[in-house]
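To start, the structure under review is shown below, and the notes come after it.
Each chain gets a letter, A, B and so on, in the order its sequence line appears, and its residues count up from 1.
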Protein chains: 2
Amino acid sequence: MAGTTTGPGEAALEAALDRAAAGCLARGAQLTELRRQVLKLVLASPHPVGAYALLDQLRAARPGAAPPTVYRALDFLQEQGLVHRVERLNAFVGCAGPEAHHHCGHGHDHPHQFLICGSCGATAEICDDRVAAAVADAARAAGFFPVRTTVEVEGRCAACAAMTQAAPAAVR
Amino acid sequence: MAGTTTGPGEAALEAALDRAAAGCLARGAQLTELRRQVLKLVLASPHPVGAYALLDQLRAARPGAAPPTVYRALDFLQEQGLVHRVERLNAFVGCAGPEAHHHCGHGHDHPHQFLICGSCGATAEICDDRVAAAVADAARAAGFFPVRTTVEVEGRCAACAAMTQAAPAAVR
DNA sequence: CCCCGGGATGATATGGTGTAACGCCGCAGC
DNA sequence: GCTGCGGCGTTACACCATATCATCCCGGGG
Ligand SMILES: [Zn+2]
Ligand SMILES: [Zn+2]
Ligand SMILES: [Zn+2]
Ligand SMILES: [Zn+2]
């Protein structure tokens, strides 16, 4: 195994960044060096990462970086569908499947849901059309015109649930 | 009409507070004067209200109030299912139907979804079982054990959508 | 009566998150 | 060259949330 919880390997990471840059160009936008650096940090993190944590890491390469530096980059990356914000955590994650979603018919502003483990912090992105449809239906039934939907589920991931059952006392 | 966007009338408000107090007692908790004041402020607001806005209003009655004062009260009210937090807004709203939900089989920790108008700020709470079921199914299908679910839809309410269509330039 | 424990509140301090506003620079395009 | 615009640096500020310790009250035991 190359990296268990350390994120993707360096080579795969650079390849993903190149793909992201190409996608931006195709949409008439530009993945600048700064934005690329921020995206790299987000993708390299195994868990959602706060803006100020990104800022700390970013300062290694850019000593003058300040909050607006990273927030502007994150806004851009969100518009490009490369990064999502996790509202419950005030944190950011790389999109799990920017090109996989193209394959299943979704653009760069695709519906998504998060499964957040309250025990280990792991956050998984899923893309369930039934959920998206149910939410859109319920909203329209109330005379509402949905634009953007946030679905975040807090609970236990499979690994943590198994561990809790095996050794309940080991948590604390 | 008693109050269009000014929230419920004083009498209805006090009645709701009395019902809330009775519900708390039934669950072995106590709606103290402070908590009752905070709940009253939340219920009186036609829109989601931030903790510091509540604090400002609360100081009229309690000059010494500080952030922990209002946050502790809000935590209690959330546990009692009398108030919800809107993650996207970092704000709080009174639960739309604490006793209506009992009627349809939900306890004081009931599933709910928010429809947030990005134009006028109006936030409606709905309780759609199909949405709740779809989210729970999707989570379990991924081997995840859901505990608490957040569903928040940003878009346009019926009134704002109609207005935008009638006079597109009137927004700005 | 005194002591004690727990719940609620008061009070102070600090940390975390996000944005406004201004200015500079480089690069088209006229 | 001037201008418009996008990207970025820089400063300052506003808003959101929690940690920590002290105090008060009130019911239960000794
Ligand atoms: Zn995604
Ligand atoms: Zn876990
Ligand atoms: Zn509710
Ligand atoms: Zn509206």
Quiz item: Per the atom types in the model, does the base of C:dG18 pair as donor or acceptor with the side chain of A:Tyr52 at under 3.5 Å?
Solution: yes
Practice problem: Let me know the distance between CZ of B:Phe76 and C1' of C:dG7, rounded to the nearest Å. | Solution: 11 Å
Practice problem: For A:Gln78 and A:His84, test the side chains for any donor-to-acceptor distance below 3.5 angstrom and give the result as yes or no. | Solution: no
Self-check item: Rounded distance [0.5 Å steps], CG in A:Leu58 versus CG in A:Leu34
Solution: 6.0 Å
Quiz item: OP1 or OP2 of C:dG18 sitting under 4.0 Å from any side-chain N/O of A:Tyr71?
Solution: yes
Quiz item: When you measure from every atom of DNA chain D, which of residues 61-70 of chain A have a heavy atom less than 4.0 Å away?
Solution: A:Arg62, A:Gly64, A:Ala66, A:Pro68, A:Thr69
Quiz item: Can a salt bridge be assigned to the pair A:Arg35 and A:Glu33 using a cut-off of 4.0 Å between side-chain N and carboxylate O?
Solution: no
Quiz item: In terms of hydrophobic clusters joined by side-chain contacts under 4.5 Å, are A:Val38 and A:Val93 together?
Solution: no
Quiz item: Between B:Gln37 (CD) and C:dA8 (C1'), how many Å, whole number?
Solution: 14 Å
Quiz item: Does A:Arg156 make a cation-pi contact with B:Phe145 (under 6.0 Å, within 45 degrees of the axis)?
Solution: no
Quiz item: At under 4.0 Å between heavy atoms, what does A:Arg35 touch on the DNA or RNA strands: base, sugar-phosphate, or nothing?
Solution: sugar-phosphate
Quiz item: Is any N or O donor-acceptor pair between the side chain of B:Arg72 and the base of C:dG7 shorter than 3.5 Å?
Solution: no
Exercise. For B:Asn90 and for B:Gln30, find the nucleotide of DNA chain C with the closest heavy atom, then tell me which residue's nucleotide is more 5'.
Key: B:Gln30
Quiz item: Between A:Glu79 (CD) and D:dG6 (C1'), how many Å, whole number?
Solution: 13 Å
Quiz item: To the nearest angstrom, how far is A:Leu34 atom CG from D:dG6 atom P?
Solution: 17 Å
Quiz item: Please give, in whole Å, the distance from C:dG7 C1' to B:Glu33 CD?
Solution: 17 Å
Quiz item: Can you name the nearest heavy-atom pair linking B:Gln113 to B:Ala132, along with the distance?
Solution: NE2-N, 4.4 Å
